[in-house]
Amino acid sequence: GLSEKLSATFKKLRSRGRLTEADISAALREVRMALLEADVSFQVVKDFTNAIKEQALGEEVAKALSPGQQVVKIVHTELVRLLGSDATGLATAETPPTIILLAGLQGSGKTTMAGKLARMMAKRGGTPLLVATDTRRPAAIRQLEVVAEQVGVPFFQMGDQLEPARIAAAAVSHARSHNLDTVIIDTAGRLHTDAEMMDEIRAVHQAVSPHETLLVLDSLTGQDAVNVATEFCGTVDVDGVVLTKLDGDARGGAALSLRAVTGKPIKFAGVGEKFDALETFHPERIASRILG
Amino acid sequence: LTGGRQVDEGLFDELEELLIEADVGPGLAAELVAELRREAESQHITDADALRDLMRSQVATLLRAETGTPEIVPGPTPPSVLLVVGVNGTGKTTTIGKLAHLLRKQGRRVLLAAADTFRAAAIDQLQIWAERARADIVRHQEGSDPGAVAFDAIEAAKARGADWVIIDTAGRLHTKSGLMRELEKVQRVCRRATGRDPEEVLLVLDATTGQNALRQAEVFGEAVGLTGVVVAKLDGTAKGGIVLGIKKRFGIPIRYVGTGEGIDDLAPFSPEEFAHALFE
Ligand SMILES: Nc1nc2c(ncn2[C@@H]2O[C@H](COP(=O)(O)OP(=O)(O)OP(=O)(O)O)[C@@H](O)[C@H]2O)c(=O)[nH]1
Ligand SMILES: Nc1nc2c(ncn2[C@@H]2O[C@H](COP(=O)(O)OP(=O)(O)OP(=O)(O)O)[C@@H](O)[C@H]2O)c(=O)[nH]1
Ligand SMILES: [Mg+2]
Ligand SMILES: [Mg+2]
């Protein structure tokens with residue numbers, strides 16, 4: 001990982017005596033390489049290395065027994081600081097139901113996440129309703145119906161011929177009249193560049209005014225994470241992000257990109273296909289992962 | 001990016017940045033730009049447009065398969081078997097629907113095997129694609145053995161005279177050794193049923209995936225041996241540059257690209273078009 005690379009870099013440099021600015025540049029190049037290989041986006045890497053340059057040039061590194069380790073420590077600390085968030089819980093409504101809207105690209109894990117959130121709430125004694133508004137994907141409604149059965153919560157659908165905004169509004173009325181405390185709205189995967197589909201999610205948002213809108217992002221996402229996050233946050237009021245498939249071995253640099261570019265908190269981590277595979281987000285863990 | 005410009009240091013930096021932002025990876029991007037520099041020098045290239053064309057042809061050459069066509073080729077006797085694999089949510093099931101349709105348009109008889117017996121409504125999803133593509137389908141109960149589905153599908157294909165059997169498998173992260181062993185077992189079943197390796201084992205990659213795609217290609221390749229890659233979701237803003245690393249390191253040809261959610265949104269891979277789009 002970065003530790004070993006920096007140790008090697010500094011070993012070569014230290015043998016010449018005092019560290020120079022050029023030496024630190026060599027170290028920062030290693031940092032840049034590690035972050036790019038971890039899928040952190042190009043511009044974010046540039047900003048990040050500039051931000052830590054001053055510390056890297058400081059006394060702590062110059063005087064350190066192991067300057068390589070000192071630079072790693074600076075990088076790690078800065079990563080955790082950037083990845084950490086000020087708000088990690090889910091919003092709740094003053095008068096129920098609380099409305100949660102899930103959005104994101106195709107295949108990012110929204111339907112599975114809907115099931116995971118529902119299961120979490122049900123276990124705490126809540127009464128979540130799973131709502132199917134994906135009128136496009138073959139068997140999407142059936143998929144969420146099976147998910148609802150598997151986690152043991154009520155399910156709401158109105159087929160695939162009506163507008164998602166209309167289905168969502170009807171679901172909220174249904175939740176109210178049945179005293180269900182949370183409505184979790186699953187939506188179709190969509191491209192941030194598909195104007196019609198972005199209009200659709202905006203319409204759903206306007207129809208029900210969610211208390212919590214979550215962007216569901218695949219942790220395997222590469223450089224495109226910045227585009228996706230920027231466009232979705234620009235279209236609907238995204239409150240937080242969920243990163244999925246963290247049980248894989250992707251370094252997860254998309255997490256840093258999205259934090260740096262949108263400032264939205266990462267609230268949850270999807271860590272498996274089963275409905276209990278949901279964790280609150282731990283910035284230190286993903287920081288270590290990004291460092292490699 | 002170029003329009004009438006002269007070649008300078010800044011231009012090489014810009015090209016490297018473009019490659020990195022296309023998910024080519026920092027190491028390979030640096031390598032390609034270094035190679036471009038040497039070539040530009042030896043060809044005395046001073047015009048930016050000419051440099052960009054040189055880079056395009058360099059990328060296209062890297063991506064070009066050694067064999068003529070990128071498309072899948074049937075085996076000596078029917079049924080030919082195509083096994084579709086990959087991590088979760090990349091577009092395998094949708095790609096199978098599109099491939100079935102493509103083969104049907106070529107007059108082939110196609111049978112789909114619903115061997116994702118795990119994920120909610122996976123079988124129902126494939127069933128709909130089978131109907132849309134006018135292909136046969138073999139399916140068992142949810143939770144049944146994927147190998148058994150594959151076996152029955154191949155037997156049914158023999159009985160019905162199908163040209164191709166396309167096997168849909170559950171998405172699985174390559175880090176899950178139990179699931180990778182399950183996939184190897186499905187492939188062994190195919191071998192037993194036909195007496196030969198599947199004609200094609202295609203890895204479906206999501207165009208938005210970053211450097212992890214290299215790991216996917218490596219581990220799936222070690223487990224079942226890949227004969228090709230399909231890049232799905234190229235209709236977004238992601239460039240899918242990861243295929244350069246995959247082709248360079250593992251030599252696996254890129255066969256098709258997915259450009260949408262409709263049944264016609266699949267095209268045979270074109271190195272020139274891909275290289276062109278990379279520099280847009
Ligand atoms: N390993 C792993 N797989 C996951 C995780 N979350 C979702 N998946 C899998 O990823 C695939 C896609 O999940 P879905 O929930 O269908 O994704 P989606 O965003 O609803 O997809 P669309 O509705 O088509 O946009 C499925 O195979 C899921 O089982 C996770 O945290 N880990
Ligand atoms: N925009 C776009 N979406 C695609 C493309 N290919 C697949 N999709 C969408 O991606 C999502 C996932 O597709 P699936 O075919 O279910 O993916 P999968 O790999 O079979 O998923 P699992 O079986 O859960 O691992 C669906 O919403 C598809 O419509 C493509 O080329 N472009
Ligand atoms: Mg879904
Ligand atoms: Mg599938």
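Note on naming: letters A, B, ... go to the chains in the order of the sequence lines (proteins, then strands), and numbering restarts at 1 for each one.
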Let me know if [X] has heavy atoms under 4.5 Å from chain B in its side chain, its backbone, both or neither.
| X | answer |
| --- | --- |
| A:Asp247 | both |
| A:Leu144 | neither |
| A:Arg251 | neither |
| A:Thr221 | both |

- Is the backbone N or O of A:Leu220 less than 3.5 Å from a side-chain atom of B:Asn212, with the two atoms forming a donor-acceptor pair by type? no
- Can you check whether B:Gln211's main-chain N or O pairs, donor with acceptor, with A:Asp39's side chain at less than 3.5 Å? yes
Please classify the contact between [X] and chain A as side chain, backbone, both or neither, with a heavy-atom cut-off of under 4.5 Å.
| X | result |
| --- | --- |
| B:Lys176 | side chain |
| B:Glu261 | side chain |
| B:Gln127 | neither |

Any idea which heavy atoms bring [X] and [Y] closest together, and the distance?
| X | Y | result |
| --- | --- | --- |
| B:Gly236 | A:Thr193 | CA-OG1, 4.4 Å |
| B:Pro26 | A:Leu36 | CG-CB, 3.6 Å |
| B:Thr175 | A:Gly248 | OG1-CA, 3.8 Å |
| B:Ala121 | A:Ala139 | CB-O, 3.9 Å |
| A:Lys245 | B:Leu173 | O-CD1, 4.3 Å |

Just wondering, are more than 12 heavy atoms of other shown residues or ligands nearer than 6.0 Å to [atom1] in [X]?
| X | atom1 | answer |
| --- | --- | --- |
| B:Gln141 | CD | no |
| B:Glu273 | CD | no |
| B:Glu142 | CD | yes |
| A:Arg202 | CZ | yes |

- For residues A:Asp224 and B:Thr237, is any side-chain donor paired with an opposing acceptor at under 3.5 Å?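 There is such a pair (donor and acceptor under 3.5 Å, judged by atom type) between the side chains of A:Asp224 and B:Thr237.
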- Item | Side-chain donor-acceptor contact under 3.5 Å, B:Gln125 with A:Gln143 |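 B:Gln125 vs A:Gln143: no donor-acceptor pair found between side chains.
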Between chain A and each of [options], count heavy-atom pairs under 4.5 Å; write down the option with the most.
| options | result |
| --- | --- |
| B:Arg215, B:Arg132, B:Glu17 | B:Glu17 |
| B:Ile242, B:Asp235, B:Thr90 | B:Asp235 |
| B:Ile123, B:Thr93, B:Asp23, B:Ile128 | B:Asp23 |
| B:Gly171, B:Gly241, B:Gly89 | B:Gly89 |

- Item | B:Thr208/A:Asp218 under side chain to side chain contact (heavy atoms under 4.5 Å, CB included): CA gap, chis, key distance, verdict | CA-CA 9 Å; B:Thr208 65; A:Asp218 189 331; 5.8 Å; no
- Query: What do the steps show when you test B:His174 against A:Asp249 for side chain to side chain contact (heavy atoms under 4.5 Å, CB included), and what is the final call?
  - Reply: CA-CA 9 Å; B:His174 50 285; A:Asp249 58 6; 2.7 Å; yes
- Of the listed residues (A:Gln106, A:Gln43, A:Gln150), which shares the most heavy-atom pairs with chain B below a 4.5 Å separation?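 Most heavy-atom pairs within the cutoff with chain B belong to A:Gln106.
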